**Student:** 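Below you'll find the structure I mean.
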Amino acid sequence: MIEQFLRVVRIGGILSSDLAVLIIVFLAFFFYGMYFGRNMLVSLILSYYPSVFLFQNFPFIDKLIFLSGNKLVVLNKVVIFLIFLI
């Protein structure tokens with residue numbers, strides 16, 4: 001499924017997958033800021049840095065696997081990061 005998405009995203013080399021991810025993240029932050037307001041957006045941005053620090057230094061990230069499979073391990077780590085972020 002992810003490979004199909006990446007094939008669709010690459011349009012003649014103009015739009016690569018990393019650019020698509022950046023656009024998706026920007027749009028997510030934009031709509032979050034429009035819906036909840038500027039103060040909540042600032043608090044989300046400020047909470048990003050401690051959550052990155054916790055995610056990198058948490059010793060049991062690899063042992064907290066609740067999804068199995070090669071591609072689902074990445075989703076597992078994203079969910080753990082979102083828990084730290086919240």
Side-chain angles (χ1 to χ4, degrees):
M1 180 173 156
I2 294 175
E3 291 88 13
Q4 292 172 347
F5 174 72
L6 293 178
R7 282 190 211 124
V8 171
V9 168
R10 186 174 299 274
I11 302 172
I14 296 171
L15 184 63
S16 63
S17 60
D18 55 345
L19 184 60
V21 169
L22 288 175
I23 290 171
I24 290 170
V25 168
F26 174 76
L27 288 175
F29 274 101
F30 177 74
F31 288 122
Y32 182 85
M34 293 300 288
Y35 186 74
F36 290 112
R38 184 177 55 207
N39 292 334
M40 291 295 288
L41 182 63
V42 169
S43 68
L44 178 71
I45 292 170
L46 290 177
S47 68
Y48 173 77
Y49 294 105
S51 64
V52 169
F53 177 75
L54 285 173
F55 183 76
Q56 289 178 347
N57 293 320
F58 192 70
F60 303 113
I61 293 288
D62 294 327
K63 295 180 178 156
L64 291 174
I65 296 176
F66 51 87
L67 299 172
S68 62
N70 292 336
K71 296 175 185 173
L72 295 177
V73 170
V74 174
L75 183 61
N76 183 39
K77 290 187 178 189
V78 167
V79 168
I80 292 172
F81 178 75
L82 288 176
I83 290 171
F84 284 141
L85 184 64
I86 292 172

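Owing to the predicted nature of the structure, the values given are computational and were not obtained by experimental measurement.
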**Student:** Which pairs pass salt bridge (charged side-chain N to carboxylate O under 4.0 Å, His left out) with one or both residues in residues 77-86, sequence neighbours excluded?
**Tutor:**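 Matches after skipping sequence neighbours: Asp62-Lys77.
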**Student:** Go through the structure and list residues passing side-chain contact (heavy atoms from CB on, under 4.5 Å) with Phe36, not counting sequence neighbours.
**Tutor:**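 Residues passing side-chain contact (heavy atoms from CB on, under 4.5 Å) with Phe36: Tyr32, Met40.
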**Student:** For residues Ile45 and Leu82: do they belong to one hydrophobic cluster (side chain heavy atoms under 4.5 Å, members Ile, Leu, Val, Met, Phe, Trp, Tyr)?
**Tutor:**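 Yes, it is one cluster - the side chains of Ile45 and Leu82 are joined through contacts under 4.5 Å.
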**Student:** List, one per line, each side-chain donor-acceptor pair under 3.5 Å for residues 48-56, sequence neighbours excluded.
**Tutor:**
from: Ser51; atom 1: OG; to: Ser47; atom 2: O; distance (Å): 3.2
from: Ser51; atom 1: OG; to: Tyr48; atom 2: O; distance (Å): 2.6

**Student:** Please list all pairs passing the salt bridge (charged side-chain N to carboxylate O under 4.0 Å, His left out) test where one or both residues lie in residues 24-34, with sequence neighbours left out.
**Tutor:**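 Passing the test, one end in residues 24-34: no pairs.
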**Student:** Mind checking who shares a hydrophobic cluster with Ile86, ILVMFWY linked at side-chain heavy-atom distances under 4.5 Å?
**Tutor:**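 Its cluster partners, ordered by chain and number, are none at all.
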**Student:** List the atom pairs, with distances to 0.1 Å, where a side-chain N or O of residues 19-30 and a protein N or O form a donor-acceptor pair under 3.5 Å, not counting sequence neighbours.
**Tutor:**
none

